[in-house]
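Single-structure report; data block below.
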Protein chains: 2
Amino acid sequence: MSNAADPACLCGKCTSCVIFNRSVCHVASPEAMAQLNRISHIRKFARGTVIQGQGEASDIVGNIIEGVVKLSSASANGDDHIVGLLFPSDFFGRLFAEESRFAYEAVTDVTLCAMNKSGFERFLIDHPEVEHEMLKAKLDELDAVREWAAITNGHTTMQRVATLLFVFSLRSRNQRREPGDQSSNPVVHVPLSRRDIADYLGTTPETLSRNIQTLARAKVIRIINAKHFELLNASELVRHSGESREDLERIAAR
Amino acid sequence: MSNAADPACLCGKCTSCVIFNRSVCHVASPEAMAQLNRISHIRKFARGTVIQGQGEASDIVGNIIEGVVKLSSASANGDDHIVGLLFPSDFFGRLFAEESRFAYEAVTDVTLCAMNKSGFERFLIDHPEVEHEMLKAKLDELDAVREWAAITNGHTTMQRVATLLFVFSLRSRNQRREPGDQSSNPVVHVPLSRRDIADYLGTTPETLSRNIQTLARAKVIRIINAKHFELLNASELVRHSGESREDLERIAAR
DNA sequence: CGATAACTTGATGTGACTCAACTTAAGTGG
DNA sequence: CCACTTAAGTTGAGTCACATCAAGTTATCG
């Protein structure tokens, strides 16, 4: 296990990292990289695992390497709402706080580049250039969360559904097609259950289903299976979203 | 105008700052304070002024000393939504971005401790301890925005109205009463128009008005005038909000 | 292959938006 | 300082999108 080519070997872990360019790590100096290599370790969580419960003491942070994590908040009356989704290269966990206000749950199988929270906090003090990058990332995230809040607030369910589908289509643009799929149209992969999508959009599974079926009947999309859709008419989808294409692309970009 | 006691004199501006303790400035060293004193200046904006338009190049940043600023986003179809409110000691403006995604508008008369954006960005590079404080503040803000999004998403209009009133009551707890007000009950001051409140809560002025009147008929509040309410029954208001008191206090705290 | 969960479809009720009239407050100029 | 104007807020009636309850259908997994 001391082979330098072995991805599990600490020595080369970060240099072969698939999300390196998009994570905060890319500004780290060689010395900082070596230290990150020392304090980080790969951890995997199965789909459905609650990585961190709401209100629990937060002790791990890190970057998502693979999979999707949902951030949710349960209110007093019991119903919980998804307040965010984290994708590969997104930073995971809550720095500089005793506990997490939100629950983190693996929506798919998840691979994490995990670090001890206080260990990483100490690292940041020594490496302001990484903390600077972290601040920039969080400012972008703040804008994105506000933008998403504006969408879920002021739009119809159909507009939200169309927005989500289009944004996911842009995100999964460069992913491989489903096996056996011959079409030249883009395939949108939404790795969430209907319930999770509904929670994220602030609606119910029933209403969500109706809207998806309506889009399918209108030949805007074709339902391949519960989590895959063929995009038949992108501009119609944009029209249904009520947003301009530029705005949608900006949302997807983050 | 070179008198050291003169608040307009640069020399003593920051040391007499009323929001110093709550702003990021409080971690600045004496040397850093001197530099902040040099690059900052007080600016005032009249109620209704658009301090920065959506998509405009952002050139000024700073702290709000007095007043309320609304952050809003207008979508393609024209309707705009308030995605945030900024209060005294909150940081204003968008660092590390060419333009602002949102419009900043003075909801009341506003006093700002303004700085040139790139000037402050350069200052942060030299003073990582302030940038660190900025990161912590933004992480708190991120949680608060997500929490608010969860509230506006999954609750009825009445619950949102009650939440807003209660949170504002906690915020204005230590403010002076309206002149001539004899009651011992707390007075909630909401310095926003019905339209602005409606935009913030994701509803319409009509529906908002109906809910406020319902609360008044139920003797939960008494309407003093359009922007002032006497809080007659706090626990009933909490009950209407659908949130636990602790959650509401946490939201108000930020 | 049977059991359980996820998803879809249908029928029904209602909260909130819309359109419209009215009332009250806030500015403005004579 | 008061009449006039205009904006802000309230109230009412009608409609509709969406939630809810319920049943059926299709996946998923042991």
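Side-chain proximity of A:E206 to the nucleotides D:dC18, C:dT9, D:dT10 is greatest for C:dT9. Out of D:dT11, C:dA16, D:dC18, the shortest distance to the side chain of B:S209 is found at D:dT11. Of the candidate nucleotides D:dG9, D:dT10, C:dC17, D:dT10 has the atom lying nearest to any side-chain atom of B:Q213.
The CE-C1' distance, from B:M158 to C:dT14, rounds to 15 Å in whole Å. In this structure, B:R195 places its CZ atom 21 Å from P of C:dA25, rounding to the nearest Å. Rounding to whole angstrom units, CG of residue B:L208 and P of C:dT18 are separated by 14 Å. Spacing between atom NZ of B:K227 and atom C1' of D:dT10 amounts to 15 Å, rounded to whole angstrom units. Atom pair A:I212:CD1 and C:dT8:P shows a separation of 6 Å (rounding to whole Å applied). Atom CD1 of B:I223 and atom P of C:dA25 are 12 Å apart (whole Å). Atoms CD1 (B:I224) and P (C:dA25) sit 14 Å apart, rounded to a whole Å. Here C:dA25 presents its C1' atom at 15 Å from NE2 of B:H228, a figure rounded to the nearest Å.
The side-chain heavy atoms of B:E249 and B:L170, taken from C-beta on, include a pair separated by under 4.5 Å.
Under a cut-off of 6.0 angstrom, the local environment of CD in A:E66 is sparse, with at most 12 non-hydrogen atoms contributed by other residues, nucleotides or ligands.
The phosphate of D:dA19 (OP1 or OP2) has a side-chain N or O of A:T204 nearer than 4.0 angstrom. Distances shown here put every side-chain N or O of A:T156 at or beyond 4.0 Å from the OP1 or OP2 atom of D:dA17. An OP1 or OP2 oxygen of D:dA17 is reached within less than 4.0 angstrom by no side-chain nitrogen or oxygen of A:T207.
Ranked by how close their nearest DNA chain C nucleotide is to the 5' end, B:R47 and B:T157 are led by B:T157. When each of B:R210 and B:S193 is assigned the nucleotide of DNA chain D with its nearest heavy atom, B:S193 is the one assigned upstream, toward the 5' end.
Looking at A:N233 and A:S235, their side chains do bring a donor and an acceptor atom within 3.5 Å of each other.
As judged by a 4.0 angstrom heavy-atom cut-off over every strand, B:G154 is placed among residues making no nucleic acid contact.
For the ring pair (Phe, Tyr, Trp, His ring centres under 6.0 Å) criterion with B:Y104, the lone passing option out of B:F45, B:F91, B:F92 is B:F92.
For A:R146 and A:D143, the salt-bridge test fails: no basic side-chain N is under 4.0 Å from an acidic carboxylate O.
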